[in-house]
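A short worksheet on the structure shown next.
Naming: A, B, ... by sequence-line order, numbering from 1 per chain. Basis for what follows: all heavy atoms, side chains included, without hydrogens, waters or symmetry-related copies.
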Amino acid sequence: MKLLLVDGNSFIYKAFYAIRGLSNRAGLPTNAIYGFRNILEKCHNAIEPDGIVVVFDAPGPTFRHESYPQYKAQRQKAPEDLISQIPWIHRLVEAQGLKRLCIEGFEADDVIGTITCQAQDAGYREVYIATSDKDLGQLLTKPGVFLYDTSKERILDAAAFHDKMGVTPAQVIDYLALVGDASDNIPGVKGIGPKSAQKLLEQYGTLDNIYAHVDEISGAVGKRLQEFRDDAFLSRRLLELHTSVPLDDSDFRPGVPNVPELYEIYSELGFQGLRDKLNYQVDAPPAAAVATDIDVRIADTAEAFAELLHEAATAAVIAIDTETTSEHAVEADLVGISIAIGEQAWYVPIDHAHTDTHRNMPTADVQKLITALDRSDLLLVGQNIKYDLIVLQRHDMALPQPRLFDTMIASYLLDANRRSHGLDQLAVEFLSHEMIAFKDVVPKGSTFRDVDIPTAARYAGEDAAITLALYNLFAPRIEQEYHELFHAIEMPLVRVLCHMEMLGIAVDREMLGNLHESFTRRLHELEEKIYELAGEAFNINSPKQLATLLFEKMGIPPVKKTKTGYSTDVSVLEALAPQYEIANVLTQYRMVSKLLSTYVNALSELINPWTGRIHTSFNQTVANTGRLSSSDPNLQNIPIRTEEGREVRKAFVPAPGFCFVAADYSQIELRIAAHLSGDESMLKSFAEEKDIHAQTADAIFGSSEPNYRRMAKAVNFGILYGISAFKLSRDLGMTPKEGQALIDSYFLRYPGVKAYIDHQIAFAREHGYAQTLYGRRRYLPDINSRNRNIREAAERNAVNMPIQGTSADIIKIAMNRIHQQLAPYQARMLLQIHDELLFEVPFEQAEPFSAFLQEQMESAAQLKVRLTVTVSSGNNWNDVH
DNA sequence: GCATTGACGTAC
DNA sequence: GACGTACGTCAATGCA
């Protein structure tokens, strides 16, 4: 087994200076990326390793800076043209399926040294180090270690190295301690160059021995040695590798190249030749993906089950998947459980309809299995594990103990942009494995219960096995870059969301029934009126028919176009309203129709027959910024702005004996903007706890009277979203020129905000992503797009995502902390609506709980401005606002 | 017949 | 085209 360690940093520099004048059409320099890729390929082809790691320096200080503050001080900062290429190089390495290491506090050399020392234990007989720096020569003292010299394309062992350098590998550090290294600011002994150093080491062997005999050394050399003794020893200390860098990963086998990603990278960089060589059709699945059978044991005999129990009780990492009768966890019946441990997958049949060849395991046995899994020293892995936890808990098989690892959420953190984090897609992309299709196993009209047990085992076992394989792939990256976010925020939140979804929220059926009636009646009235004004009947719900009527039959001049015809949206109807009565009626019709179909009717149908409550599903991996989303039904967009809409809200009620307590962060996104930008005026406004929009109005208009406040509010929101003069002016009914003037005066009064926006865009351009205060990232591949619209959209994301995402991070932290401390209260968390939490609490606890809630939410993050939370209680969801 | 797309509107 | 993030409904269109 051969292991190849690539010293990424040395090659980035080498490539950058070796090739000149390469850039893509957007003007991004690409010379280092191109050169680096070639070097990487060259090493790989020359060595043909079984494992490969590409190691980079981590940004920020290292332990060397502590012992020697001037360390690398004189080294010039890397040129801007090089820095902008680094994120692309990292992305390219990952897309190639190679392990990329970058350990905070250590340099690439230390990491390479550490892995070299551990390689033999990991089963590698030969270690090849590809580098253009000579200090790694010191590692050649170990047997089975070689250097690869890319420029000469040859492998150096200790003897060859000695020939080339004139010193043995064991002497490299001492040699460099004498000679020094200007680029790393290793001082060395001034006045001693390579020749003297070689001669001294040949004669005395080591630096220590040289100094032991320093009195014997005559002339200038001796004098210099005496004079710079401290520098020599300090230099050596700096050169010594730290060979116990903490690494939590020893699997260096390369994965499969991510061809679509490579295609995208090469396209973006303008590497036409490389792209064409990929032989990849856009949107076609990679040809490499194959369906391979996974060995699954059916645990329905006493022996097999006993063995499974033993494994389940002792393994450290286990993947689990449940098979059920419904995709909705709150109403699904458990049919079977699959488990993957190490290389083995298991299937436990529980409630299959056909048992001719195998048997269903009795509940008591399944309980034993769950008990074996319910221990705090287990890492329980699952794909969308919230689903499995809910199903199991509903079958009296709660698993409160294990630490969790959700591969779907891991995929989301690693790249939120991914179109799907579904197991099928991840298997194809990361493992080149084509999964058995659910619809092939469960034909339409049947459920998993009807599937025969051997087929079920193949399907379910594959799910668990692939999930475990994805865990093996994702875990190192998660631990390295998203440890806190994953383990301190997202995984604990899974358990909170389980509780919320299982509990659901009550609605007043009767009230919904009444609303249905009154809205339906009103809709008919409006419909009649529209037909009358139109002079004919037509389908008002069809924008197409409506446009034909308004702009052709009635001859009303069109206001705005969509890509398929004339627009009839609310802004158009609003513009027509003063002149045409029908526009007014249509607006009302649209509102009532929306309330009826999307809310009143849909909500009634989603009341769970068993609990009598509505159980939404909170999705943790949909929103690109880190927000949650809610579906089936979406309870995050229940109306609040119009009177009629609030009627729907009133239908949400607490359980008998309980009241609602709601808490919402006031202006959290603007506060975060103030924190992130550090703008003094904005910070001051919040410090004074005054109306922020009025303050802004005062700042840019010199007055905070209502109309100015309204415009200031629009500007404040515009800032959060990446404003454009055009849209702002249209919203405020002014000319684009006036809109621009408004933005200009805003930035004049809030220069810190302007600087922040510019910085966010520059950061994204440089790193290829935007990030929140807690390190959540969103990659922005379009940030350098040549298409201005696409590029500007990415720039707005670069500004907005850190703000919206930090807000999402903070409320998630608050949810976790509150959940953990709920025990003294009988309060239940029901909903999260981005900056608001809704609870139901026994009446008598409303007050103490409200105080607790406010304190917890306000202290969830310590920013440069206070977070303030408004709490209120009431007997329906409308009452709490 | 079922799936996808577009227009629209609700929330934060 | 033209300010961010979602989800759901309906009609029209696309595909078998």
Outermost nucleotides of DNA chain B that come under 4.0 Å of a non-hydrogen atom of chain A:
dG6(B) to dC12(B)
Take a 6.0 Å sphere around NZ of K561(A) and say whether it holds more than 12 heavy atoms from other residues, nucleotides or ligands.
no
Spacing between R791(A) atom CZ and dA2(C) atom P, to the nearest angstrom:
14 Å
Starting at atom CD of Q636(A), determine the distance to atom C1' of dG8(C), rounded to an integer number of angstrom.
14 Å
Phosphate-side-chain proximity, N634(A) and dA6(C), N/O vs OP1/OP2 below 4.0 Å
no
Please determine, by modelled atom types, if S571(A) and D569(A) share a side-chain donor-acceptor pair under 3.5 angstrom.
yes
When we call it a touch if two heavy atoms are under 4.0 Å apart, what does I640(A) touch: a base, just sugar-phosphate, or nothing?
sugar-phosphate
Between dG6(B) and dG1(C), how far is it from one P atom to the other, in whole Å?
11 Å
Which part of the nucleic acid, if any, lies within contact of N789(A), taking any heavy atom under 4.0 Å across all strands shown: a base, the sugar-phosphate backbone alone, or nothing?
base
dA6(C) P sits how many Å from N800(A) CG, rounded?
10 Å
In terms of heavy-atom contacts, N875(A) and D879(A) come closest through N-OD2, 3.5 Å
Students often get this wrong, so: under 4.0 angstrom with heavy atoms, is S630(A) touching a base, only sugar-phosphate, or nothing?
sugar-phosphate
With a non-hydrogen cut-off below 4.0 angstrom, is R730(A) in contact with a base, only sugar-phosphate, or nothing?
nothing
How is R627(A) classified with respect to the nucleic acid when contacts are heavy atoms under 4.0 Å: base, sugar-phosphate, or nothing?
base
Atom of L606(A), atom of P633(A) and distance for their closest heavy-atom approach
CD1-CB, 3.6 Å
Using whole Å, report how far CD1 of I743(A) lies from P of dA2(C).
15 Å
Between dT5(C) and R778(A), is there an OP1 or OP2 to side-chain N/O distance shorter than 4.0 Å?
yes
Crowding at CZ, F701(A) (>12 non-hydrogen neighbours, <6.0 Å):
yes
Axis-to-axis angle across the helix from dG1(B)-dC15(C) to dC12(B)-dG4(C), five pairs an end, to 10 degrees?
10°
Whole angstroms only, please: what is the CD-C1' distance between Q620(A) and dA6(C)?
15 Å
Using a heavy-atom cut-off of under 4.0 Å over every strand shown, decide if S593(A) touches base, sugar-phosphate, or nothing.
nothing
5'-most contact on DNA chain C (nearest-nucleotide basis), S542(A) vs K563(A), goes to K563(A)
Atom-to-atom span, CD1 of I811(A) to C1' of dT5(C) - whole angstrom:
15 Å
Look at all strands and tell whether K544(A) reaches a base, only sugar-phosphate, or nothing, counting heavy atoms closer than 4.0 Å.
sugar-phosphate
Does dT9(C) have OP1 or OP2 under 4.0 Å away from a side-chain N or O of N601(A)?
no
Which comes earlier along DNA chain C counting from the 5' end, the contact point of H834(A) or that of T562(A), where each point is its nearest nucleotide?
T562(A)
Working note: E490(A) + R776(A), criterion salt bridge (charged side-chain N to carboxylate O under 4.0 Å, His left out); need CA distance, chi angles, decisive distance, verdict.
CA-CA 11 Å; E490(A) 300 292 356; R776(A) 185 191 303 278; 2.7 Å; yes
Between C1' of dT9(C) and CD1 of I540(A), the distance in whole Å:
16 Å
Verify the neighbour count for atom CD of E327(A): are there more than 12 heavy atoms of other residues, nucleotides or ligands below 6.0 Å?
no
Should the ring pair F551(A) and Y566(A) be called parallel, tilted or perpendicular, given that the plane angle runs from 0 to 90° and is split at 30 and 60?
perpendicular
Taking atom NE2 of H524(A) as the centre, does the number of heavy atoms from other residues, nucleotides or ligands within less than 6.0 Å exceed 12?
no
What nucleic acid atoms does E836(A) come within less than 4.0 Å of, heavy atoms only: base, sugar-phosphate, or nothing?
nothing
Residues V585(A) and K529(A): closest non-hydrogen pair is CG1-CB, 4.2 Å
Could you please name the option among dT5(C), dC10(C), dA12(C) that lies closest to any side-chain atom of Q545(A)?
dA12(C)
At 4.0 Å (heavy atoms only), tell me whether A808(A) reaches a base, stays on the sugar-phosphate, or touches nothing.
nothing
Describe the nucleic acid contact of I638(A) in one word from base, sugar-phosphate, nothing, applying a heavy-atom distance below 4.0 Å.
sugar-phosphate
Round to the nearest Å and state the distance from I719(A) atom CD1 to dT5(C) atom C1'.
18 Å
Distance check, rounded to the nearest 0.5 Å: L628(A) atom CG versus I811(A) atom CD1?
8.5 Å
Would you mind classifying the nucleic acid contact of V622(A) as base, sugar-phosphate or nothing, using non-hydrogen atoms under 4.0 angstrom?
sugar-phosphate
Counting any heavy atom closer than 4.0 Å, what does D632(A) reach on the DNA or RNA strands: base, sugar-phosphate only, or nothing?
sugar-phosphate
Contact class for N637(A) vs. all strands (heavy atom < 4.0 Å): base, sugar-phosphate, or nothing?
base
Do you know which of R866(A), R817(A), R671(A) makes salt bridge (Lys or Arg N to Asp or Glu O under 4.0 Å) with E858(A)?
R866(A)
